[in-house]
Engineer: 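Okay, here's the structure, questions in a sec.
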Amino acid sequence: MSTERRLLILFIATAAGLTLGINLPLSGITHAASPTVWYVRPNGGSPEQCTGRVNAPYPGSGTIQPCAWDHPFRALPPGGTPRITGGDTLIIASGSYMMGYGASGAENCDYEGSYDCLMSSIPSGPDASHPTRILGAGWDSGCTNPPELWGTGRPRFIVNLTDSSNVEVACLEITDHSSCIEDHLFPTGGSQYTCQRDNPPYGDWAATGLYAEDSANLLLKDLNIHGLANTGVLAGRLTDWTVDNVRIAGNGLAGWNGDLVGDGTNSENHGTLIFRHWVVEWNGCGETYPDKQYVGCWGQEAGGYGDGAGFGGTTGGHYIIEDSAFLHNTSDGLDMLYTRLPDAVIEIRRTIAEGNDGNQIKTTGAVTIENSIIVSNCGFFHDMPYWNNDDDCRAGGSALVFALNPGGQAKVINSTVTGEGGCLASAECALDKTCNGSEKVLIRNVIFQGQKIFFNPEEDTCFAWYDDESSPPMPANPFVVDYSLITGVRFGNVTPCPGPHNLCDVLSDLMNMGIDAFDAHLLPGSPAINAGTTSGAPLNDFDGRLRDSQPDIGAYEYGSTSTFGDVPATHWAWSWINRLYASGITTGCSTNPLMYCPENSVTRAQMAIFLERGMNGPTYTPPPGTGTVFTDVPLSYWAVNWIEKLYVDGITTGCGTSPLVYCPEQSVTRAQMAIFLLRARHGATYTPPAVGGSTGFNDVSTGYWAAAWIKQLAVEGITTGCGSGNYCPEDSVTRAQMAVFLVRTFNLP
C-alpha cells in the first residue's frame, strides 16, 4: 500500500487539516471545536476501536481506545464523510497502505466499480494560515522513510484534492504495485504491459497518483509519485500552489497533466505557482514492480502521450520553476505552450531539460530563462523496445520553443543550449494571435553548441528559426542576440553574426561537447570566460557559485578556485565532486584544509556512508550499531552504524560468511560497485535483467559473475566504462569516479 515517499508526504500534509476525531461510525461522529491531530499506523484500529488521536497501536481489545487508526481511509473514507475537519493534521506512520477496494475502511466500495474506490476529498483548511495537513511520519526530520500509498483495483486516482484549498500534503510515496501501462499500444492490440481494465479483478494498479481541481493555497512537499499506470498528477483550476521537492517519474502516459477534461478547456490556473526541486523524468514509460525498471516507453505515434509536465488548455498564472529537472520523457520535457492568458508569466532558473523526445522546453507569454542547461538529445529513445521510431525528435526536437503574444518578449540569460533536432531555438506567434513585428526573444550571455541533426548526420542543426511561413506569419525576426557564443550550427533564417559582442564558429571548449555525455562546464581557455556582460546577468551560476565582476557566457561560471584544495577546476571530475559536496553526501577527506582526495580508492566502509546518505538524504544519521553483525566490524569501529544499516537495508551481505565479515578497509572494485549502486537505487530485492548475448564491454564476458549488473549499470546511464570499450571490473573505484557514479545514481542536482 504505497505511493512514493514524496507523494505520501504531500498527501499527509493535506489530510492533516482535518479535525474530527472519535472512532465512532460515521453517523455518530462529533467534530472537535479546535484543530485536532490524528494518527494512522499499520497496527492501529478501526474508528470503533480507536479514537485516532493517539499515536499508539490498538491494544487488541476494547472500543474507543486511545490509539491510532489503521488506514488513511479511516480519516477520509471512500463514499463517506471525512472524519477529520478542515485545519486538522493527519500524521501517517511509515508503512505500506493499500488504497482501493479491499483496504481497511473501504466498505463502501464496489467490486465491479472498484475504479471509483477513492478517498474522500481532503477538507479545506479555514484559511491559508491554518491549513489541513496530511503528513507522512518524518515530515519534519528529512522524510527518510515516508509511508507508501499504493493503488489497487484501478482507482481513478489515489490522493483526492477536489475542491481542496488551504492544504499541505507532505512526505508520501504514491505509487501502485503493478508494471502495467493503461491502454498501452491498445490501437495495435496491446502488449505484455497493457493493464487489465475490462473486467474485475483489475489488478494492483491505479490510473493517477494525485488529482486536484478548484484548489487554492496548496503545498506539496517531499513527495515521490511514480509508477502509476496513466498519470502522476492530474491538476487544473489551481491558484497559488507551491510544489517543493517532488519527484514525478515512470508514469505510463504523462507526468504532470494540467488538462482536466482532455480538450484544452476549463482548466485555467491563476495566481503564483511555485515549483522548486521538481524532478520530472521517464514519463511515457512504465515502471516495473517491484524492481522499478523503466519499460514500454511509447510516444504519440504509438498512441501514447509522454509530456513530462504540461499545463494544457488556455491558462494563466505566474509560474516560478527553480532548481528542477525534466529528463527522458517521451514527448516534451516542459510544455507551457498554452500559458497564454494575459496574466501568464514564466520564470525558469537553474533548471536542466535533457533527453526528452520532443521539445525540451516550450513556453508562451512573458518568459525568463536563467542559468539553465538545455540538452535536446531528442533521439534518446531510438530503437528502444516498443518505441515507434517515427516519434524520434517529435515536433522538430528543438531545445527551446517560444510562442509570442503580440508585442511580447522572452529572455534567455546565461544558459547553455545544445541539441540534435532541426534547430536549437524557434519562435512563432501564439496560437490564434496575430503578431505585429515588435515581438522579441532576447538572448544574452548564452552558449549555443550545435550538433549534427539526428535525422541527417551530414548537416548541422540550425541556430534559430522564426515562423515566417504560417498564415499569419511572424512579420519580423524576433531574435536579439548579444554577448553570446554560437558554434557548430547553420544559421537558418536567423543570423546573429556579425553582431554586437557575439562569438561565432569558435571552439566553445566545454567539458564535454558530445550530445550523449554533454557537460556544460567551461574548460580553461574557453572563449566564453569573461566574455559576458553584467547587464541582466544573475549573481550566481547553475551550481550556485557567485559570478565574478566580468561574468562568463553560459550556465556555469569558470573559476580558478574550487571547493576542495586538491580538486582544481581543470580536474576532469571537478563538476561531479562539487555537486556531490553541494548535495551534502560528502564533506571530503579532511577539513583543514578542505580536501577530497580524488585519486584515493573508496573503501567498503566509506561506500556504506555514501550509499546511506544517497538513499536517505545528507542529514541522515543511522541508528546505533551493535557490533555483533560482522565479526570484523566491532562496536568501536568508526563506521559500525553505517555498515550495519547497509546490512539491515539488504544492500550488502558482506564479503564472506562463516564467520560473517564485511572487509571494511578493502577497496571497492568496479564490479562490486555496480551491485551496490543498483541495489541502492532499486531496493534490496532488485535483480537485473538477464545479460543476453553481450554485456557491451570488451573485458566483461557474459559469464562474468557480475555481468548482468555491469550491463544494467550502463543501460541506466550510470557508467560508460573505463575507455576503449572496456569496463575494468577488477579495478578499484577512486573517489573521483565515485562522485560521478553517485551523482548519476541518485540524480543529484
Side-chain angles (χ1 to χ4, degrees), residues 115-116 118 121 124 156-157 159-165 182-183 187 207-218 220 228 230-241 243 248 251-273 275 280 283-284 299-300 303-319 321 329-346 358-359 361-367 394-395 401-406 408 428-435 467 470-472:
Y115 43 81
D116 281 328
L118 313 171
S121 182
S124 297
R156 291 185 287 115
F157 48 80
V159 175
N160 187 358
L161 289 166
T162 302
D163 298 315
S164 299
S165 294
E182 190 169 20
D183 292 328
T208 296
L210 183 148
Y211 180 86
E213 65 177 55
D214 301 309
S215 175
N217 300 317
L218 257 289
L220 303 182
L228 282 306
N230 191 294
T231 300
V233 174
L234 179 59
R237 299 197 298 273
L238 315 177
T239 303
D240 296 331
W241 271 44
V243 176
I248 302 174
N251 300 294
L253 194 72
W256 180 297
N257 184 357
D259 187 355
L260 291 178
V261 293
D263 63 1
T265 64
N266 201 25
S267 300
E268 294 181 8
N269 300 330
H270 296 285
T272 301
L273 299 106
F275 298 82
V280 184
N283 295 290
Q300 294 191 17
Y305 177 36
D307 274 1
F311 296 87
T314 297
T315 188
H318 181 180
Y319 297 82
I321 300 172
N329 299 287
T330 65
S331 187
D332 300 320
L334 175 63
D335 184 356
M336 305 189 75
L337 201 61
Y338 302 99
T339 52
R340 52 199 178 100
L341 292 180
D343 65 335
V345 177
I346 301 170
N359 306 126
I361 294 179
K362 296 161 60 174
T363 60
T364 297
V367 178
R394 195 191 67 81
V401 176
F402 301 98
L404 299 170
N405 288 320
E428 59 192 46
C429 202
L431 187 65
D432 298 329
K433 304 290 185 180
T434 300
C435 290
D467 185 0
S470 297
S471 180

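These numbers were taken from a predicted model, which means no experiment stands behind them. Just so you know, residue 1 is the first one in the sequence shown, and it goes up from there.
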Engineer: Rounded to the nearest 0.5 Å, what's the gap from CG on D163 to OG on S124? Could you check?
Structural biologist: 7.5 Å
Engineer: So, does R237 use its side chain to make a donor-acceptor pair with the main chain of N266 at under 3.5 Å?
Structural biologist: yes
Engineer: Side chains of D343 and H270, heavy atoms from C-beta outward: is any pair under 4.5 Å?
Structural biologist: yes
Engineer: Check T314, T363, N405 against R340 for a side-chain hydrogen bond (donor to acceptor under 3.5 Å, both in side chains) and give me the one that passes.
Structural biologist: T314
Engineer: Just by modelled atom types, is the T315 backbone N or O under 3.5 Å from a matching donor or acceptor in the T339 side chain?
Structural biologist: no
Engineer: With side-chain contact (heavy atoms from CB on, under 4.5 Å) as the criterion, how do L218 and L238 come out once you've worked through the C-alpha distance, each side chain's angles and the decisive distance to 0.1 Å?
Structural biologist: CA-CA 9 Å; L218 257 289; L238 315 177; over 6 Å; no
Engineer: Suppose we screen for ring-ring contact (aromatic ring centres under 6.0 Å, His included). Which residues come up paired with Y319, at least two apart in sequence or across chains?
Structural biologist: F311
Engineer: Holding to side-chain hydrogen bond (donor to acceptor under 3.5 Å, both in side chains), I want the full list of residues that pass it with N359, two or more places apart in sequence or in another chain.
Structural biologist: none
Engineer: If we ignore hydrogens and angles and just use 3.5 Å, is the side chain of D335 paired with the main-chain N or O of L337 as donor and acceptor?
Structural biologist: yes
Engineer: Within the side chain of N251, is there an N or O that forms a donor-acceptor pair under 3.5 Å with the backbone of N230?
Structural biologist: no
Engineer: For atom OH of Y338, is the number of surrounding heavy atoms from other residues, nucleotides or ligands below 6.0 Å larger than 12?
Structural biologist: no
Engineer: Among all residues two or more places apart in sequence or in another chain, which pass the side-chain hydrogen bond (donor to acceptor under 3.5 Å, both in side chains) test with D259?
Structural biologist: none
Engineer: Side chains of T364 and K433: closer than 4.5 Å at any heavy-atom pair?
Structural biologist: no
Engineer: Are S164 and S121 close enough that a side-chain donor and a side-chain acceptor fall under 3.5 Å?
Structural biologist: yes
Engineer: Identify the heavy atoms of T208 and L228 that sit nearest to each other, and give their distance.
Structural biologist: C-CG, 3.9 Å
Engineer: Look up atom OH in Y305 and atom CG in N329, then write down how far apart they are to the nearest 0.5 Å.
Structural biologist: 10.5 Å
Engineer: Please evaluate residues D332 and R394 with respect to the criterion side-chain contact (heavy atoms from CB on, under 4.5 Å), reporting the C-alpha separation (whole Å), side-chain torsions for both, the decisive distance (0.1 Å), and the verdict.
Structural biologist: CA-CA 8 Å; D332 300 320; R394 195 191 67 81; 3.0 Å; yes
Engineer: Between D307 and S331, is any side-chain donor less than 3.5 angstrom from a side-chain acceptor?
Structural biologist: yes
Engineer: Do L260 and S267 make a side-chain contact, defined as non-hydrogen atoms from C-beta onward lying under 4.5 Å apart?
Structural biologist: yes
